[in-house]
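Note that the structure is a prediction, hence the values are computed from the model and not measured. Sequence positions, counted from 1, serve as the residue numbers for this chain.
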Amino acid sequence: MSTLKRYSSLLCTAILIVLLLAACGSNTNNSLEAANASATANPAQTAEPAQTAGTGETRSFTDAKDRQIEIPAEPQRIVYIGSDPGDLLALDVKPAGASLSVIGTQVAYPDLLEGIEDVGYPPSLEKIVALNPDLILFNDWDESAIESVSAIAPTVVIGEGGTYERLRQIADALGRQELAEQKITEYETKAAAVKDQLKLDLGSGDTATIYLQLGKTLYVMGHQGISVSLYDMLGFKPSLKVQGLIDKDERFAEISAEVLAEYAGDEVFVLGDETAETSAALKELMDGPIWKTIPAVKKGHVYVTDSKWNFDDLITRTRLLEELPVLMAKQ
């Protein structure tokens with residue numbers, strides 16, 4: 001799967017839909033159809049794992065789709081489907097399985113993924129069945145898979161809200177509400193210290209723009225990924241054109257180099273992966289005449305970093321707090 005297609009599935013996920021843009025293509029659809037066919041051919045295979053692996057006690061829960069479900073009171077084997085496994089890890093929960101094939105090498109916390117089985121993306125029903133989960137957390141843009149995975153174990157759909165909203169939904173399902181509030185408070189305390197350390201003198205008009213280069217394709221980010229930290233935590237505002245994307249609920253937009261200056265804010269952040277194609281495209285972009293006309297470029301207010309920071313789960317946002325002072329000191 002190409003770099004663009006891998007990252008595309010992330011950005012369309014709520015969060016991420018993950019882990020940060022469009023569907024994975026025909027191979028994705030074929031994989032899901034094959035998995036669904038397998039489960040349909042042998043319905044007994046999906047029924048058995050639905051048994052609770054914990055105490056056996058259940059409780060009623062209403063998920064983000066207003067589905068009322070009986071879920072384990074103390075789930076023991078959780079499978080996570082989506083692009084923000086960091087949401088779960090932030091609550092000190094390591095799922096038995098998660099959708100890692102797309103984002104496993106792209107996140108800022110690969111050290112925390114050890115021991116988690118990859119159930120694929122789109123999810124392989126056979127792999128999920130083999131893990132014998134007692135609860136499935138579903139945070140994926142492709143809702144067609146909900147019915148299939150629900151046949152394996154109780155499935156809670158997590159909404160597409162922001163970092164705190166997703167974290168609180170998951171905490172509600174797992175009975176970890178107090179821990180979620182503790183983690184949020186800890187993050188906000190650290191964030192306030194970093195903001196003070198950066199000594200940003202932000203006026204009402206100080207803006208920031210995030211460009212994402214993947215291969216030969218250039219994107220501008222709306223309110224998703226690293227922009228959540230820049231806007232909600234540091235206090236930057238979107239530029240006028242970026243605010244237009246946000247107002248239309250567009251999380252990103254593919255743009256050409258000819259119009260990139262129209263989106264530029266007072267501070268410019270550029271993200272890219274380590275592939276040769278992306279590196280060459282970024283060099284061409286930054287050596288070009290249009291790039292050099294941007295006021296932020298002329299003033300040296302440009303920050304180039306890795307696309308692994310373009311997620312907004314609490315794990316990534318917390319680790320980003322250590323990166324920002326280093327990154328923003330390089331002008």
Side-chain angles (χ1 to χ4, degrees), residues 6-21 80-95 98-114 116 121 137 139-140 158-171 179-180 182-195 198 208 210-212 214 219 221-234 236 251-252 269-274 303-328:
R6 284 186 289 117
Y7 214 91
S8 292
S9 15
L10 295 178
L11 294 180
C12 270
T13 306
I15 136 311
L16 163 258
I17 205 321
V18 272
L19 129 240
L20 173 217
L21 294 164
Y80 173 84
I81 299 171
S83 64
D84 290 302
D87 288 338
L88 213 56
L89 296 168
L91 293 172
D92 300 331
V93 174
K94 178 169 285 191
S99 306
L100 301 180
S101 53
V102 174
I103 67 167
T105 60
Q106 300 179 356
V107 295
Y109 48 88
D111 52 305
L112 301 182
L113 301 179
E114 184 177 354
I116 302 175
Y121 188 86
L137 298 178
N139 181 19
D140 189 3
I158 306 301
E160 296 184 359
T163 306
Y164 295 169
E165 183 178 348
R166 294 195 314 267
L167 193 70
R168 286 171 171 143
Q169 287 181 58
I170 293 173
L179 181 59
Q182 175 188 328
K183 296 289 187 177
I184 290 171
T185 299
E186 289 174 356
Y187 167 77
E188 291 187 336
T189 300
K190 293 178 182 177
V194 169
K195 187 174 180 179
L198 290 172
I210 303 93
Y211 296 108
L212 172 66
L214 293 176
Y219 301 90
M221 298 299 302
H223 191 235
Q224 180 168 321
I226 193 174
S227 64
V228 174
S229 291
L230 298 181
Y231 299 152
D232 299 356
M233 189 272 283
L234 290 187
F236 286 112
R251 301 183 180 190
F252 61 92
F269 292 77
V270 182
L271 280 63
D273 57 34
E274 297 180 351
Y303 314 97
V304 181
T305 190
D306 196 286
S307 58
K308 69 182 180 182
W309 300 115
N310 204 30
F311 294 84
D312 56 23
D313 60 88
L314 201 61
I315 295 288
T316 301
R317 289 182 63 175
T318 299
R319 293 191 173 189
L320 180 62
L321 292 177
E322 298 179 3
E323 177 70 12
L324 279 172
V326 178
L327 176 63
M328 297 190 73

Requested in this report: Find out whether K183 and D92 are in side-chain contact, i.e. whether some heavy atom of one side chain is under 4.5 Å from a heavy atom of the other.
Outcome: yes

Query - Derivation and outcome, salt bridge (Lys or Arg N to Asp or Glu O under 4.0 Å), residues K308 and E323 - result: CA-CA 12 Å; K308 69 182 180 182; E323 177 70 12; over 6 Å; no

**Report entry** pair L234-L324: side-chain heavy atoms closer than 4.5 Å
**Finding:** yes

Query raised in the report: Between CG of D87 and CD of E165, what distance do you get to the nearest 0.5 Å?
Result: 11.0 Å

**Report entry** Greater than 12 external heavy atoms within 6.0 Å of K94's NZ
**Finding:** yes

Report task. Can you measure from CG (L214) to CG (L271) and round to the nearest 0.5 angstrom? Result -> 9.0 Å

Query raised in the report: If you measure from CD on Q169 to CG on L137, what distance do you get to the nearest 0.5 Å?
Result: 10.5 Å

**Report entry** Exam field: side chain T163 to backbone D312, donor-acceptor pair closer than 3.5 Å
**Finding:** yes

Query raised in the report: With no hydrogens and no angle check, is any side-chain donor or acceptor of Y231 less than 3.5 Å from a backbone partner on G222?
Result: no

Query raised in the report: Side chains of P325 and L198: does their closest heavy-atom pair fall under 4.5 Å?
Result: yes

Requested in this report: Classify the angle between the aromatic ring planes of Y303 and F269 as parallel (below 30°), tilted (30 to 60°) or perpendicular (above 60°).
Outcome: tilted

**Report entry** V107: which of I315, L113, D84 passes side-chain contact (heavy atoms from CB on, under 4.5 Å)
**Finding:** L113

Report task. For I210 and S227, work out which heavy atoms get closest and say how close. Result -> CD1-CB, 3.4 Å

Report summary line: d(T316 OG1, I226 CD1) to nearest 0.5 Å is 10.0 Å

Query - Distance, nearest 0.5 Å, that separates OH of Y80 from CG of D140 - result: 8.5 Å

Report summary line: CG (L100) and OH (Y121) are apart, to the nearest 0.5 Å, by 13.0 Å

**Report entry** Test item: L230 and M221 side chains (from C-beta on) under 4.5 Å apart, heavy atoms
**Finding:** no

Query raised in the report: For P110 and A108, which heavy atoms make the closest approach, and how far apart are they?
Result: CD-C, 3.4 Å

Query raised in the report: What's the verdict on side-chain hydrogen bond (donor to acceptor under 3.5 Å, both in side chains) for Y109 and R319, showing C-alpha distance, side-chain angles and the deciding distance?
Result: CA-CA 8 Å; Y109 48 88; R319 293 191 173 189; over 6 Å; no

Query - pair D313-R166: side-chain heavy atoms closer than 4.5 Å - result: yes

Query - Smallest separation among heavy atoms of I116 and P95, with atom names - result: CG1-O, 3.6 Å

Query raised in the report: If you look at every heavy atom in Y164 and I184, which pair is closest and at what distance?
Result: CZ-CG2, 3.7 Å

